Each structure stands twice: as structure tokens, then as C-alpha cells.
Amino acid sequence: MIPRLLWKEWQERRHWFLLWSLSLVALSMVGEGQYCTENYKEPTNWMMIPILLALLAGLQGYSSELTGNRAAFLYMRGVIWKQVLAVKILLGLGVAILTAVLTTAISVLAMPAVYHPFMTMKTAAFSALFVVLFTGGPYLLGLCCSVVLPGIFGSIGTLMLYYGGIMFIGMLIPKTLQITEPIFSFIGAVLGILAAMVVIVRFGLTLAWSQRLARFAAISLVGIGIGYITDFTIARVYPHAIAKPFSREVALSPSGRYALISETEDGQHHRYTFVVMKNDKRLPIEKADSSAPPSWTTNDDLVQSTYHGTYDNTLQLFRYVDGHLLQHQLNNSPIDAQCRLSPSPDGKLLLADVHNDLLVIDPPSGSVRTVANLDVHPHSTKRMRTTTYYAIHYWWQDNHTIGYEQTNPSRRIFVKVE
Amino acid sequence: MLTALYRLCWKEWRQSWYLLLAALLLPPLALRLSLTLTPDQLHNWEPLKLTMVLFTMGLIARSALVVFPAGTRQTYAEVHLPISPMLHQFLLFVGQALIATCAGMSFGGWAAQQTGAPPAAEMMLVGVVHFLAILFVTLAVARAVFPTAGLVVGMLWAFIGTNSSFYYLSFFAPSVVGEGRPADPLSGVYYWYLPVCLTAALLAYSFHLGHKLSLPRRGIAMGGLAVVLVGALFPKMLLNTFEHQNKYEWYFQSLTADDGSVVVEAGGVIPAVKPPYTLEMTDLRAGHSVTYSWNEPVVGVGMPTRTAVILLGQPTDAHYLHLYRWEMAGNVVRLLGDIPASPNIIRNLWQSSCTDSTCDHHSHGRYTFLHLPSLGHSREEIFDWWLIDSVTPRIQLIKPETYMSQSHITWLPDRIVLTGYNPKVIHLPDGAVSDWALPGEKGGAK
């Protein structure tokens with residue numbers, strides 16, 4: 001009986017299966033299939049097409065039996081519900097596995113030759129597994145949603161109701177009750193819909209559509225509910241077991257002697273730590289502004305500029321000297337976060353361009369001096385004849401001299417900095 | 001005639017008074033809320049999101065299922081009322097459009113209150129356009145095929161118009177109007193879809209008014225509508241293609257040495273559309289400059305020394321990139337080698353913002369590290385990592401198909417350290433890539 005059922009399923013849904021399989025084969029042939037090297041693990045954007053077709057193949061699973069009273073006819077034959085269900089699942093998974101093996105082989109052949117040293121049997125197997133999961137999963141989801149309303153549009157409607165219902169429940173739950181990582185809610189949602197499919201296939205496939213819809217909604221809700229309660233309970237009983245959103249970034253200084261650790265917890269609590277690489281000495285930066293991490297200058301100073309207003313910013317400079325992290329702060333500085341700070345060759349002074357003024361900053365004393373006003377009028381030179389684009393050039397000629405280029409007429413000007 | 005029309009209006013009112021009443025109540029409610037709640041309160045007010053979802057769903061369901069019942073009611077009305085079927089349809093249509101307009105104006109107005117940036121009138125117009133588009137699509141498909149199909153396609157359309165998710169549907173106003181993606185009613189999706197949807201809806205009417213179609217014919221009609229709807233995107237794509245074909249304009253993102261004393265800029269006419277592509281390297285400290293012209297467009301990679309620059313160039317349709325080193329001393333250009341690449345990828349390198357982050361250079365001047373668009377796939381954020389030894393010279397792929405999550409590059413004498421998220425270290429000169437960690441941490445130096 002099973003081979004006959006398989007033949008029946010194939011006859012009924014072969015177009016969807018072939019579309020699913022051939023689309024993936026075609027993508028692999030043009031080099032847009034799955035990744036077969038070890039590095040990247042997410043699908044390409046084009047993979048959405050076979051995934052969608054797999055979902056549609058699943059959505060047609062039982063919904064085709066629900067049109068024209070075919071389900072009742074099927075169960076008048078000598079088959080039991082388990083055989084029908086097994087055949088529908090196995091055929092989809094079989095197509096997923098065969099397609100995965102085929103497309104992995106094609107992807108390997110189609111990949112650039114320079115990639116070959118980075119591919120192993122393990123990475124190719126992982127790639128095939130990935131295809132099985134990313135097409136078999138949507139197929140099963142579609143199959144679950146196909147047991148309620150007749151026709152493929154009915155199944156799509158059920159899927160949308162299911163998805164919309166989950167989102168709707170999420171909206172209704174007060175934010176104070178929401179959990180950080182809804183692992184069990186997700187598992188509950190998946191198991192709930194699977195259970196709904198099994199129950200309806202076993203007990204309700206020949207009932208009225210409204211009764212099937214009610215059962216589907218009720219069982220799905222129970223699954224989501226159990227998952228949510230489990231999540232909530234664990235979060236309450238073991239608050240430390242639920243990881244909070246945490247991000248950590250490290251920035252090594254240009255010389256490699258120091259590093260800055262930027263840590264963010266719950267998306268809003270920022271911590272910065274200065275690390276001396278030689279002895280792993282860690283110095284917390286206490287008064288750094290939390291809105292943006294400090295950045296390195298080319299001479300290993302850490303600079304942070306906090307924008308408050310056009311001429312009302314805070315500039316902080318952190319410099320490691322003799323085992324101590326010295327901090328210099330300039331309040332009400334005109335220098336904002338967009339400024340590029342160029343240290344002098346000996347690293348004592350900083351040069352910045354603010355609103356077309358060249359400023360020299362002496363961090364220890366906190367003094368800021370305007371040493372030149374730059375000519376920034378759009379001009380026509382031999383370099384830029386057809387555009388109003390212009391660039392401002394300034395540089396340290398030596399430790400005590402700044403050079404800048406005046407553009408109209410073009411000439412270099414040098415200014416002594418005492 | 002007038003009596004029949006009056007009865008028809010009364011019938012329609014009895015069938016959809018709740019939705020029409022709700023729609024008519026929306027504008028004063030929107031005004032009242034806008035006056036009392038702050039933008040933040042409005043943005044986070046759950047009942048408002050719920051109202052948006054329910055109303056949109058209600059409109060779609062009403063359009064798909066009730067206005068065009070599959071059973072006998074529709075036929076009965078058309079046969080037994082002494083009125084033109086076209087007038088009947090028109091009346092139904094106007095009723096639905098009135099509801100859609102009220103809802104669109106209200107939600108657009110709310111969006112204006114929440115974001116405050118664009119003028120309220122403009123956002124209300126966008127809201128009306130959005131709701132009318134949903135209505136037209138639902139009507140067209142429900143009429144041409146069958147009501148359930150109209151329901152599904154209408155909902156899909158609502159999701160597409162609201163950034164493709166049920167979740168975002170609740171944030172209809174800020175997502176569609178505030179953040180702007182399909183915000184402008186005169187461009188993008190709406191520019192092409194709205195007139196096409198209107199045409200499709202009218203076509204669907206004509207299908208229905210002619211005679212009852214068999215299911216296969218309705219299937220063909222559905223396919224035709226789908227082709228029309230999807231095909232509406234192509235004129236825009238074709239126009240874009242013709243507009244830019246063979247008109248790639250070459251710009252050059254200027255390069256500056258670390259101390260700012262040497263700059264490399266476009267030296268000829270820019271934007272350039274044909275050779276020569278000329279660059280000028282100026283030593284501002286010494287007041288000296290040199291120029292060089294290429295026959296292919298070039299992109300700056302970096303400056304390995306104060307007076308040398310690494311460049312990438314690509315002839316038209318070539319499957320490789322030329323890697324050049326240009327020295328100011330003697331104004332010499334040396335071809336270091338070729339890197340396999342997709343044809344015309346150089347255009348992406350200079351046109352996209354990734355130009356700045358695509359390449360970096362070794363401070364000692366011998367090695368160059370590049371992350372170029374992946375050879376294997378067209379996904380934009382996936383890169384191939386290349387290491388170039390300009391002394392040997394050797395070009396080596398060190399890591400293919402990689403997501404670039406590292407934002408800081410530190411050049412040390414024997415290695416390159418890429419920090420940020422998921423830090424990596426590239427060992428010189430063999431190009432081995434491994435994870436990197438701080439001293440004392442797991443995987444870090446002891």
C-alpha cells in the first residue's frame with residue numbers, strides 16, 4: 001500500500017516537488033546555491049525561492065485532500081491515517097535529502113577553483129544538511145498548516161493566521177512580563193502545530209472546516225502557552241540562567257600595545273576597559289561618555305568626543321603614561337565627534353578641522369587655538385574641472401609647523417605653532 | 001430607479017454599517033488622540049497598533065468575502081433589483097473606498113504625529129494610497145478568481161506594503177511613512193502598482209460582469225493578473241537599466257597618507273566615462289606632484305608608504321582585477337598581479353560605500369590585505385579575504401565567503417589583527433587565519 005500511496009502523492013504534487021528541486025539545482029548551477037566552504041553559514045538571498053516552493057509543496061499536502069471530499073474517499077480505501085501521514089512526510093523529506101545531495105555536488109563543481117582548498121567533506125556535508133533543514137523545515141510547517149482549510153489558498157490563510165496569532169499574542173503580553181530568550185515558547189509553538197496536525201489527521205480530517213480550525217487554534221495555543229509558561233518559570237526561578245543581551249567589542253591600538261574593550265549590557269549599559277597588552281593590566285575608564293566608544297589616534301591615544309551642540313562638545317583624551325591612564329577633558333569644546341584629530345609627529349599636540357577653522361589642541365593644558373581659516377570655496381582647478389567637489393588639505397610639516405593648502409589661488413601656507 | 005438605488009444603499013449600509021461607522025469615527029478619534037498624547041505615547045500605545053491591525057484585516061476580509069459572496073446573494077441582487085449591475089458594483093466600490101480613505105487619512109495623520117518630520121498632509125496622502133492599494137488588490141483577485149484568494153493576496157499585499165511582516169503591520173504608520181521605504185506615493189512600488197492595481201480591478205470587474213467563468217478560466221485570469229502585477233515592476237527596472245547602461249561614471253575616492261601630507265586624487269575630468277583615467281599624487285610637504293593615466297578605471301586601495309599607492313583596476317568584462325603599485329619616485333607603476341573577480345565588479349567598488357572599507361594596507365609596505373566582494377555569491381556583505389605580498393609578489397586567497405564583522409585593523413610586524421566582533425589574526429607571511437583573543441583570555445597569548 002505504501003508504494004501506491006507514494007505514487008499517488010507524487011502524481012498529485014510532483015509539480016511542486018519538481019519546482020522546489022529544480023529551482024535549487026538551477027541556483028546551484030549559476031553559483032548562487034549554498035555555501036560549501038567552512039566560513040559562512042547563512043543562506044544566500046536567492047535561497048528564499050526554493051524555501052518558498054518547499055513551503056508551498058507542504059501547504060498543498062492535506063489541503064488537496066480537503067477539496068472535493070477526497071479525504072473521505074481516501075479513508076474509505078484500505079489505508080490507515082498513519083500510512084497517509086508517513087507518506088506525506090517521507091516524500092517531502094526524501095525530496096529535501098535528494099535535492100540537497102544533488103545541489104551540493106553541483107555547488108562544488110560550480111564554485112570558483114580558488115575556493116577548493118577551503119572545502120572539505122565535512123563542510124560539504126554540513127552544506128547538504130543545511131539545505132535539508134532549510135527546505136524540509138518549511139515543508140513540514142506547510143504540511144501542518146494544510147490540514148485545516150481546503151485548497152492551497154486555504155492553507156496559506158491558515159499559515160498567516162498562525163503567524164499573525166503568534167505576533168498578536170506577543171503584542172498583547174505586557175513588556176514587563178516579556179522574557180529575554182523565548183526558547184521554550186519557540187519549541188512550544190513548533191510542537192503545538194505538529195500536535196495539531198497529528199490530532200486533526202487522526203480525528204478530524206473529515207469534520208467541518210470550522211471544527212478543524214477550532215482544534216488547530218486550540219492545540220497551537222496550548223503549545224505556545226506551555227512554552228511561554230516554561231520560559232517565564234525558568235526566568236523567575238533561575239534568573240541568572242537566562243542570558244541578558246550582551247555585546248563585546250575589542251579594538252587594538254595602532255601599535256598593538258594597548259586595547260580597548262567596549263561592553264554593552266541590555267543595549268544601554270556601556271563599559272570601557274583599557275588593556276595594556278604586555279602585562280594584561282586592565283584599567284576601567286570611569287568617566288567615559290557612554291554614547292560612543294573612544295577611538296584610537298595614530299599615536300595610541302584614546303579620544304572621545306561627545307556632541308552636545310555646535311560649539312558645546314566634550315573632548316576627552318586618555319593617554320597611558322608610566323603605568324597610569326591619564327585623562328584630559330575639554331569642556332565646551334568646538335570639536336565634535338565627526339572631527340579627524342591628527343597628532344603632531346611628537347604626539348604632543350592635536351590638529352583638527354572644525355567648521356573650516358584649523359584648531360590646535362594641547363590636551364594637558366586644555367587649550368584650543370585657531371591657527372588658520374581654510375579657503376573652502378568651490379573652485380575650478382586642473383584637478384577638478386567639472387565638479388564643485390573640493391577637498392581640504394592640511395598636515396604637520398614638523399613638530400612646530402602646520403601646512404595647509406589654499407585653493408584660490410592654489411598655494412601652500414605654513415603656520416608656526418608655539 | 002431612485003427607489004431601487006435607495007434600497008441598494010440601505011442594503012449595503014445594513015451589511016457594512018459597523019465598518020463604515022468605525023471608519024468615519026477614525027478621523028475625529030485620530031485628531032483627539034493627536035492633541036492629547038505625546039508622540040512617544042502614541043508610538044507605544046498598544047490599542048492603536050491593535051486598531052490598525054484589526055481595521056486592515058477587517059477591510060480586507062470585507063472586500064474579499066462579503067462584497068463578493070460566492071453564493072447566490074450577489075446574483076440575487078443583480079437580478080432582482082431594477083438597477084444596472086455596473087451601478088451596483090460602483091456603489092459597492094465607493095463604499096469600500098470611503099472606508100479605505102478614512103482609515104488611510106487617520107493612520108497617516110497618526111504617523112505624522114508620531115514622527116513629526118514630513119508634513120501631515122503628505123503622510124495622510126501616503127496612508128490613503130496605501131489603503132486604496134490594499135483594497136484594489138483584494139477586490140481584483142477576489143473578483144477574478146475566488147474570495148479566499150482575494151483574502152490571501154490582500155493580506156500578502158498588506159504585509160508587502162508594510163515591510164513584509166505581520167509584526168510590522170502594527171507599526172504601519174511609522175514603518176511605511178516615517179522610515180520612508182515605500183513612503184513616497186509617486187515613486188517605487190506605489191508609482192507602478194497603484195495604476196496597475198486599478199487596471200487589474202477594473203479588468204476583474206469586466207470578467208465578472210460578463211459571465212460566470214469556469215475554474216480553469218479563473219485560474220488563467222489569476223495567472224494573468226499575477227503577470228500584470230509582477231510585470232509592473234519591470235518598466236521601472238528597464239528604465240533604470242537603460243538609464244545607467246554604459247554610463248558608469250568614474251569617480252575616485254581620494255587617498256591621504258597617515259600624516260595628511262600626501263594626497264592622491266583624480267587628475268583629469270571627473271566624473272569620467274571613458275579613458276584615460278588620470279590620477280595625481282601630490283606631496284604637500286615638498287610641493288611636488290606627479291600624474292599617471294590608466295586605460296581602465298581604477299580604485300584606490302591604500303598607501304603602503306608615504307609616497308606609494310596600491311590601486312585596483314579592471315578592463316571592461318574582464319574576469320580579474322589588476323593590482324598596481326604606483327611609486328611617486330620616478331612616477332613608476334608596477335603590475336603586481338591579477339586577482340580573480342566577477343566582471344565589472346570595479347564599478348561596485350567605486351560606486352558603493354564599501355570602497356573605504358574594502359581595502360587596507362600594511363604599514364611596512366610589503367603586504368596588502370583586501371576584502372573584496374565574494375567570487376562565489378552575489379550577496380553584498382560576503383567578502384573574500386586576499387593577502388598580497390608585493391615583494392614576491394604573491395596573491396593568496398586566505399578566507400573565502402566571509403562576513404566582515406571586524407571594524408579595526410592593526411598591522412603588526414608579523415601579523416594583522418582584525419578586531420571588533422569575532423576578532424581574527426592573519427599570520428604573515430603564510431596568510432593563516434585564526435581566532436584572536438586578549439592575553440589571559442581563552443585563546444589569547446599567555
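No experiment lies behind these values; they were computed from the predicted model shown. Sequence lines set the chain letters: A, B, ... in the order given, protein chains first and strands last, and positions in each chain run from 1.
- Heavy atoms of Arg257(A) lying under 4.5 Å from chain B are absent altogether.
- For CE of Met29(A), the number of neighbouring non-hydrogen atoms (other residues, nucleotides, ligands) closer than 6.0 Å is 12 at most.
- Within the 4.5 angstrom heavy-atom criterion, only backbone atoms of Pro254(A) (N, CA, C, O) approach chain B.
- A distance-only check finds a donor-acceptor pair linking the side chain of Tyr115(A) to the backbone of Leu375(B) [under 3.5 Å].
- With a threshold of 4.5 angstrom between heavy atoms, Ser262(A) does not approach chain B through any atom at all.
- The residue among Leu418(B), Asp384(B), Thr256(B), Val417(B) with the most heavy atom pairs within less than 4.5 Å of chain A is Asp384(B).
- The shortest heavy-atom contact between Lys424(B) and Trp385(B) is CG-CH2, 4.2 Å.
- Inter-residue side-chain proximity for Leu351(A) and Leu358(A) is flagged as met; some heavy-atom pair is nearer than 4.5 Å.
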Requested in this report: Begin from the C-alpha positions of Gln34(A) and Thr104(A) and carry the test side chain to side chain donor-acceptor pair (under 3.5 Å) through to its verdict.
Outcome: CA-CA 7 Å; Gln34(A) 65 264 42; Thr104(A) 303; 2.9 Å; yes

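- Of all heavy-atom pairs between Arg306(B) and Ser261(B), the closest is NE-OG, 2.8 Å.
- The contact between Ala251(A) and chain B is made by backbone and side chain atoms together, counting heavy-atom distances below 4.5 Å.
- With chain B as partner, the option from Lys278(A), Met277(A), Met111(A) having the largest number of non-hydrogen pairs under 4.5 angstrom is Met277(A).
- For chain B, no part of Ser107(A) is nearby; none of its heavy atoms comes within less than 4.5 Å.
- In this structure, the portion of Ile398(B) lying under 4.5 Å from any heavy atom of chain A is its backbone and not its side chain.
- The part of Ile261(A) that comes within reach of chain B is its side chain, from C-beta onward, which places non-hydrogen atoms under 4.5 angstrom from that chain.
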Report task. Apply side chain to side chain donor-acceptor pair (under 3.5 Å) to the pair His393(A) and Glu265(B), showing each step before the final yes or no. Result -> CA-CA 12 Å; His393(A) 300 307; Glu265(B) 295 173 317; 3.0 Å; yes

